[in-house]
There are 2 protein chains.
Amino acid sequence: MPAKKKKTTATKNDIEKYLDKIVSGDCITAMKKLPDASVDLVFADPPYNLQLGQAELTRPDNSRVDGVDDEWDKFDSFKAYDDFTREWLSEARRVLKPHGAIWVIGSYHNIFRVGTAIQDTGFWILNDVIWRKTNPMPNFRGTRLTNAHETLIWAARDQKSKYTFNYRALKTANDDLQMRSDWELPICTGNERIKGDDGAKTHPTQKPESLLYRVLIGSTNPGDVVLDPFFGSGTTGAAAKYLGRHFIGIERDKAYIAAARKRIARVKPLEGDDLQTQPSPKAAPRVPFGQVIETKLIKPGAKLYSRNKNYSAKVRADGSLYVKDGETEIQGSIHKVGAAVQKAEACNGWTYWHYEEKTGLKPIDFLRDKIRKGMAG
Amino acid sequence: MPAKKKKTTATKNDIEKYLDKIVSGDCITAMKKLPDASVDLVFADPPYNLQLGQAELTRPDNSRVDGVDDEWDKFDSFKAYDDFTREWLSEARRVLKPHGAIWVIGSYHNIFRVGTAIQDTGFWILNDVIWRKTNPMPNFRGTRLTNAHETLIWAARDQKSKYTFNYRALKTANDDLQMRSDWELPICTGNERIKGDDGAKTHPTQKPESLLYRVLIGSTNPGDVVLDPFFGSGTTGAAAKYLGRHFIGIERDKAYIAAARKRIARVKPLEGDDLQTQPSPKAAPRVPFGQVIETKLIKPGAKLYSRNKNYSAKVRADGSLYVKDGETEIQGSIHKVGAAVQKAEACNGWTYWHYEEKTGLKPIDFLRDKIRKGMAG
DNA sequence: CCCGGCGGTGAATCAAAAG
DNA sequence: GCTTTTGATTCACCGCCGG
């Protein structure tokens, strides 16, 4: 009989000193220092191993495409990439609490190898999720399909883990329809994209906060600890802080760390009630109310009013509304709460609820229209 | 030095006898009988290895969900599934012509293992494609995201294969926008769904013909040979016959074979012009710029301009251009001079240079078009 | 102030034929 | 095999600037 494996000397309390900080260094080395069973969620955006060709890619107007040619994305072979993947996944699994879960994002270059490694490591896949980009880069040579999506894998630590899934919150954010495995979100551009003094992008592959927002709302609770072993520009940290979750970041590149620290320092967390989450036609693209929150056209905590201002409701992080009317509390989707305050059977929340603007009350449908027209963000 | 590998005795002609037929039997055994390098495309819908639990799944109204519990979807372990996958993929690759390609469809249960095997077998992934279901089955228990998509992998036999990609046809089908990697299509229901006399579905996972239609339009030409080693209800055969492609089906289950034969017999192929797809400009006969001069659509001495009129060039008798820019003189082909004035690596002179018309500047490509259509002279 | 045009850009395994 | 030449090819969004 083998000797009983020596327990790691680190205790659960040791995790405290890592909370809301960025650890500088290689992700495998750094993870080895973390105690067993100490984090609730891992979100990982590992190198994709793109294997781009030698020649430069140009647009039809001859401008140059700034591809990912960073050293951190270079591996000698599939085997080298697999070895690396299996090692960091094993550490991630050890660090996870028994009921913890992991998210990994990738493209066709690496996601199949990552998914196989996830299964082989003992994780239990819950869903694969497709991030459909509203504004992907076209295929400039007309040689393949426009690569318009990336894939995320969501897996529990074990087949029997009681993983966190805020079904109601996601359903409410999706206009009372079950959240699907395909998520349509824009890529990270504009003000959200971190740039240096020279105007150049600080990180080549910065993820949009809206993506992390949905991941964290759906699969963590406030106060949970989220580990990101490939912290990069710190999107996970920014979203975690905003949503009242703790983060632990690991990053090798000093410049990325500096940019992430600065970025996260500017984030103002949601407070108290605003953090609470909730236990149609084809012609125009469907925009769920949750997306209005994700794109920050309305922030959690904001007030909405009926047109005559007879009723008001508070917006919460998942896109649910909250009304306190004397003794009774009402909460739910914009439609459900609209119906409830009117004591009606049904209600179109998009036209019933209004937000305050300089010029007066405007229906929130106006904001949905903005998103549809691409004027948001 | 090893002995030269003995060539298979089967010759290319042997493939003829398999065309538009269904071979009864195990896919690996059957593929071994096919000659090397004899098919243009493989489309495969292998078992998903669903690993469903014991308990039955019921809807909220307690009705029973008829899941996939067939014997052909049972494997003892990931290893058993991987061994099976690698074996049939190797055979598929051997049977493919050098410039052939493969499509495989799967879900998160198996697609990562299949993708890894595809890369390890020597295929070169071109795209992963997401089939977004307009009408997926909901997640009845509210325990996960609605599994609303399946994943296809499109890969060339080799990295250097000149695979077939009908870019124009797909772009035209997509309202003149590049076809993206996410395809929204309904699942197979209604009349298209094959049912037995008892009204029960004949095959548990019948794919919609619209999916195969797009695959075949995009990555084969009329007359090509498409092999489907997991023929099932014969969707690949039906779409191939309809679109004027040949199919070879392999299927183990006699009942599926019978249903597929009956189904395919009823298909009426498209004919003649209806089969035409948007041709690539590449297919148009080459017209050198000199010919534009020869046909006197432009005369030597005429001036050409860049679109914004920043640059102008003089046409010479041999079809070369001449630019004098201060001290420096540039001369050469329309492409070279276009690149030189822009200080770019390359330039398509046909679209860069314009000539003057009453109505304004027009690209000289317009003149080439005239010649191609026989409107010149 | 609004509108339109123009320039810029995003995880990209991004050419093929002729000589 | 190689190198050179020819020529095919982009969508959604942001921000700036000029009218």
Side-chain angles (χ1 to χ4, degrees), chain A residues 45-70 72-75 78 105-111 131 133-151 186-193 195 199-201 203-208 230 232 371 373-377, chain B residues 119 123-128 155-156 159-160 162-163 165 167-168 171 174-181 280-284 286-290 307-308 332-336 338-339 345-353 364-365 368:
Chain A
D45 181 11
Y48 286 9
N49 189 23
L50 289 187
Q51 310 165 69
L52 301 182
Q54 298 287 358
E56 282 195 342
L57 177 63
T58 55
R59 299 186 179 79
D61 65 0
N62 280 324
S63 65
R64 200 178 139 272
V65 173
D66 183 17
V68 176
D69 56 354
D70 304 72
W72 52 251
D73 196 47
K74 298 232 193 312
F75 294 83
F78 281 139
I105 183 169
S107 67
Y108 68 84
H109 310 83
N110 72 323
I111 198 65
W131 168 27
K133 304 180 184 183
T134 54
N135 48 349
M137 182 159 69
N139 182 298
F140 295 116
R141 308 300 290 266
T143 55
R144 302 180 180 189
L145 300 163
T146 305
N147 196 3
H149 73 275
E150 294 189 23
T151 301
I187 61 175
C188 183
T189 58
N191 265 339
E192 191 185 323
R193 188 87 197 213
K195 286 168 189 148
K201 56 193 177 194
H203 192 281
T205 68
Q206 186 181 342
K207 296 293 174 290
F230 306 95
I371 291 179
K373 288 179 179 146
M375 295 152 63
Chain B
Q119 290 181 313
F123 289 100
W124 189 248
I125 297 183
L126 300 169
N127 278 116
D128 58 338
Q159 180 172 1
K160 303 211 164 160
K162 290 173 189 166
Y163 54 92
F165 179 50
Y167 173 76
R168 279 285 161 191
K171 182 170 174 175
N174 194 37
D175 290 349
D176 289 327
L177 291 180
Q178 285 191 339
M179 186 65 80
R180 299 170 38 122
S181 57
S280 158
K282 272 180 222 162
R286 206 175 73 87
V287 176
F289 183 61
R307 197 170 60 87
N308 51 16
S333 72
I334 52 173
H335 312 297
K336 273 217 166 133
E345 284 278 325
C347 165
N348 179 353
W350 289 107
T351 52
Y352 183 75
W353 293 109
I364 55 177
D365 204 18
R368 178 170 62 165

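Atom set for the values below is all heavy atoms of this structure, side chains included, hydrogens, waters and symmetry mates excluded. Below, chain A is the first sequence line, B the second, and so on; all start at residue 1.
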Nearest-Å distance once atom P is located in both C:dA17 and D:dT9
14 Å
For a quick check of understanding: with a heavy-atom distance under 4.0 Å over all strands, which category does B:L177 fall into, base, sugar-phosphate or nothing?
sugar-phosphate
Nearest heavy-atom pair of A:K133 and A:P136: which atoms, and what distance?
O-CD, 3.4 Å
Nearest-Å distance for atom pair CD/C1', residues A:E192 and C:dT9
16 Å
Donor-acceptor pair, distance only, cut-off 3.5 Å: does the side chain of B:Q178 make one with the backbone of A:N139?
yes
Both distances under 3.5 Å, Watson-Crick or G-U wobble: report the partner of C:dC2, or none.
D:dG19
Which of D:dT9, D:dT5, C:dA11 is nearest the side chain of B:N348? It is D:dT9
Is it true that the side chains of B:S333 and B:H335 contain a donor and an acceptor less than 3.5 Å apart?
no
Report the nucleotide, chosen from D:dC11, C:dC14, C:dA11, that has the shortest atom-to-atom distance to any side-chain atom of A:P138.
D:dC11
Give the nucleotide from the list D:dA8, D:dT6, C:dA12 with an atom nearest to the side chain of B:S333.
D:dT6
Please tell me which of A:G199 and A:F78 maps to the more 5' nucleotide of DNA chain C, matching each residue to the nucleotide holding its nearest heavy atom.
A:G199
With respect to the side chain of B:W350, which nucleotide from D:dG7, C:dC14, D:dG15 is positioned closest?
D:dG7
In whole Å, I'd like the distance from the CZ atom of B:R180 to the P atom of D:dT10.
16 Å
Using whole Å, what does the distance between atom C1' of nucleotide C:dG8 and atom CD1 of A:I187 come to?
13 Å
Is the base of C:dT13 stacked against the aromatic ring of A:Y108, taking ring centres under 5.5 Å apart and planes under 30° as the test?
no
Nearest-angstrom distance from the residue atom CG of B:D365 to C1' of D:dT6:
13 Å
Which nucleotide in the set D:dT10, D:dG15, C:dA11 lies at the smallest distance from any side-chain heavy atom of A:W72?
C:dA11
Nearest-nucleotide 5' precedence on DNA chain D, A:T134 against B:C347
B:C347
Scanning all shown strands, the Watson-Crick or wobble mate of D:dC13 with both distances under 3.5 Å is C:dG8
Taking the C1' atom in each of C:dC1 and D:dG19, what is the distance between them to the nearest angstrom?
12 Å
Considering every strand and a 4.0 Å limit on heavy-atom distances, what is the contact class for A:G190: base, sugar-phosphate, or nothing?
sugar-phosphate
Under 4.0 Å, counting only non-hydrogen atoms across every strand here, what does B:I125 touch: a base, just sugar-phosphate, or nothing?
base
In the strands shown, is C:dA17 matched to any nucleotide by a Watson-Crick or G-U wobble pair with both distances under 3.5 Å, and which?
D:dT4
Could you tell me how far apart B:M179 (CE) and D:dT9 (P) are, to the nearest whole angstrom?
16 Å
Counting only N and O atoms by type, is there a donor-acceptor contact under 3.5 Å from the side chain of A:D70 to the main-chain atoms of A:D73?
no
Rounding to the closest angstrom, what is the interatomic distance between C:dA12 and D:dT6 at atom C1'?
24 Å
Of A:F140 and A:E150, the one whose closest DNA chain C nucleotide lies more 5':
A:E150
Indicate, with a heavy-atom threshold strictly under 4.0 Å, whether A:D45 touches base, sugar-phosphate, or nothing.
base
Say we look at C:dA18 and D:dA8: how far apart would their P atoms be, to the nearest angstrom?
13 Å
Check: A:K133 side chain, C:dA11 base, donor-acceptor under 3.5 Å:
no
Once you apply a heavy-atom cut-off of 4.0 Å, does A:D73 come out as touching a base, just sugar-phosphate, or nothing?
base
Quick note, B:R168 side chain, CB onward, closest among D:dT9, C:dA11, C:dC14 is D:dT9
Between C:dG8 (P) and A:M137 (CE): distance, integer Å:
17 Å
Nearest whole angstrom, please: distance from the P of C:dA18 to the NE2 of B:H335.
14 Å
Atom CZ of A:R141 and atom P of D:dT6: how far apart are they, to the nearest Å?
16 Å
Which of C:dA12, D:dT10, C:dA11 is nearest the side chain of A:R59? It is D:dT10
Expressed as a whole number of Å, how far does the C1' atom of C:dT13 sit from that of D:dC13?
26 Å
As a quick check of understanding, evaluate side chain to side chain contact (heavy atoms under 4.5 Å, CB included) for B:W350 and B:I334, giving each step before the final call.
CA-CA 7 Å; B:W350 289 107; B:I334 52 173; 3.9 Å; yes
For C:dT13, is chi within 90° of 0 (syn) or not (anti)?
syn
Closest listed nucleotide, where the reference is the side chain of A:L52 and the choices are D:dT9, C:dA12, C:dA11:
C:dA12
